[in-house]
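One structure is given here, and the rest of the page talks about it.
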Amino acid sequence: MDVVWDSVGGAAGRQAVEALAPGGRFVVYGVASGTGTEIPGALVYARGLTVIGYGAGNPALDHSRRHALQARALAEAAVGRPRPVVGRRYRLEEAPTAHTALAARETVGKVLLVP
């Protein structure tokens, strides 16, 4: 992968870092797992990775820059880029099973409920 947007952190974040291609970017914007992603500096150096913290509290992004980036992201989404990874589809009647998988952090990508 070239870019990872990590809102989970912890072990899941570390797995995502390991999946990055050389020269990849790792963007942190949350820690839903309760712990941040530990990323060894040697790994960043050896693979030429870029690690970026993104969020409302990021002093490196003033309001106008954040607004411009969000506008660009929405424009890209409007033309079909980026495309979300759909990890699993569940029938609507399987919603409890889907929720259990999400709560147990057993999912990758998006989980869809379909009629």
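None of these values were measured; they are calculated from a predicted model.
- Thr107 OG1 to His99 NE2: the interatomic distance, rounded to the nearest 0.5 Å, is 11.0 Å.
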Check the pair Val17 / Val4 against side-chain contact (heavy atoms from CB on, under 4.5 Å), numbers first and verdict last.
CA-CA 8 Å; Val17 169; Val4 169; over 6 Å; no

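- Counting heavy atoms from C-beta outward, Pro40 and Arg14 have side chains that approach closer than 4.5 Å.
- The two residues Glu18 and Leu43 come nearest to each other via the heavy atoms OE2-CD2, 4.0 Å.
- Ala95 and Leu113 make their closest contact through CA-CD2, 3.9 Å (heavy atoms, listed as atom of the first residue, atom of the second, distance).
- Considering only heavy atoms from C-beta on, Val8 stays 4.5 Å or farther from Val31 through its side chain.
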Evaluate side-chain contact (heavy atoms from CB on, under 4.5 Å) for Ile52 paired with Val28, printing each intermediate quantity in order.
CA-CA 6 Å; Ile52 303 167; Val28 180; over 6 Å; no

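- Following chains of ILVMFWY side-chain contacts shorter than 4.5 Å, one cannot reach Val3 starting from Val85, and the two form parts of different hydrophobic clusters.
- Distance check, rounded to the nearest 0.5 Å: CG of Leu102 to OG1 of Thr97 gives 11.0 Å.
- One distance of note links CG of Leu112 with CZ of Arg89; it measures 5.5 Å at 0.5 Å rounding.
- Sparse packing is recorded around CD of Glu38, with 12 or fewer heavy atoms of other residues, nucleotides or ligands lying under 6.0 Å away.
- The two residues Gly10 and Ser33 have their closest heavy-atom pair at N-OG, 3.5 Å.
- A 4.5 Å side-chain heavy-atom check between Phe26 and Leu49 finds every atom pair outside the cut-off.
- Here the side chain of Glu94 pairs a donor or acceptor atom with the backbone of Arg91 at under 3.5 angstrom.
- Counting all heavy atoms, side chain and backbone alike, Pro84 lies closest to Lys110 at CB-CG, 4.0 Å.
- With contacts defined as side-chain heavy-atom distances shorter than 4.5 Å, the pair Ile39/Val51 qualifies.
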